[in-house]
Amino acid sequence: MLIAGNWKMNLKYEDIINFKDIIFDFKLDNRVEMAIFPQFPLLYFAKKNLSDHNIKIGAQACSAHLKGAYTGDVSVEIISDIGCKYCLVGHSERREFHNETNDFVKKASTLLLTKNIVPIICVGESLEIRNKKVTNQFIKNQIRECVPDKISSNLIIAYEPLWAIGTGIIPNYEEIFNIHNVILNELSYIENLKVIYGGSVNNENCSKIFELKTVHGALIGGSSLKFKDFLAIYKSAVKQII
Ligand code: PGA
């Protein structure tokens, strides 16, 4: 399982130190990985301070170009040099505010794989799609257009319904189970594929989510900023495995 904290454009250097203090006595279970995704300038500092605790670091986005005149973008090379294990690609906020398309997601994910960084490709339907009852087809299309060709391992899909992000509302557990199942079937040729759920995960709903056999972890926004909640969610994932 993977418990991933997407800090988005929140938290600062001092919060990494606070987090380090809080996890000082916290025992990670080697069957459940913990990863955090801070803002770019914090990545190196986070890596330096947290890797002794076996916490993995990930970037929130990357360029789909290797290098060059792309002001403000960050290359997969730098993300790799910093020692990131993961990179989010096509998060709905990037799709909305930075025009990241399925085509972009595929290109960026392909580049990440060349540097041995595991892409976490975010997919999810809008409320409109959901109301039309075409979610499964929509997700299948997203997957087909976003997943790199000839990939055989090293991929995570984060299923994040747009209407669940930051709203406190989540799909019912059967829906989560089923959509994850659709994704797993669609990508059954990928070894060790993980499908994690994101969108308003908190320490009240997480245990029921982790009970679902098709869920391999969570991508957590708001609740990852409250470190006690984040650790409670992590513990709940560990309990599920035992
Ligand atoms: P949330 O965000 O947990 O605050 O809903 C999840 C995400 O956007 O990855």
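In listed order, ligands and their atoms are each counted from 1. Quick caveat: nothing in here was measured; it's all calculated off a predicted structure. Residues take their numbers from the sequence shown, with the count starting at 1.
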Ligand 1 versus Asn6: contacting region, heavy-atom distance under 4.0 Å: side chain

Sub-4.0 Å atoms of ligand 1 with respect to non-hydrogen atoms of His91: 7 (C), 8 (O), 9 (O)

His98 and Glu93: side chain donor to acceptor below 3.5 Å: no

Residues which pass salt bridge (charged side-chain N to carboxylate O under 4.0 Å, His left out) with Asp15, listed by chain and number, not counting sequence neighbours: none

Between Tyr159 and Gln142, a side-chain donor and acceptor under 3.5 Å: no

N or O pair under 3.5 Å between Ser200 and ligand 1: yes

Passing option when Thr214 is tested against Asn185, Ile183, Asn181 for side chain to side chain contact (heavy atoms under 4.5 Å, CB included): Asn181

Exam field: side chain Arg95 to backbone Cys122, donor-acceptor pair closer than 3.5 Å: yes

Trp7 and Gln60: side chain donor to acceptor below 3.5 Å: no

Ligand 1 atoms in contact with Leu219 (distance to a heavy atom under 4.0 Å): 9 (O)

Identity and distance of the protein heavy atom lying nearest atom 7 (C) of ligand 1: Glu160 OE2, 3.1 Å

Aromatic ring pairing Phe230/Phe19, orientation class (parallel under 30°, perpendicular over 60°, tilted between): tilted

Polar atom proximity, Ser223 to ligand 1 (N or O, under 3.5 Å): no

Options Ala4, Ala158, Gly221, ranked by nearest heavy atom to atom 1 (P) of ligand 1, top entry: Gly221

Ligand 1 N/O within reach of Gly222 N/O, cut-off under 3.5 Å: yes

Any N or O of Gly199 closer than 3.5 Å to N or O of ligand 1: no

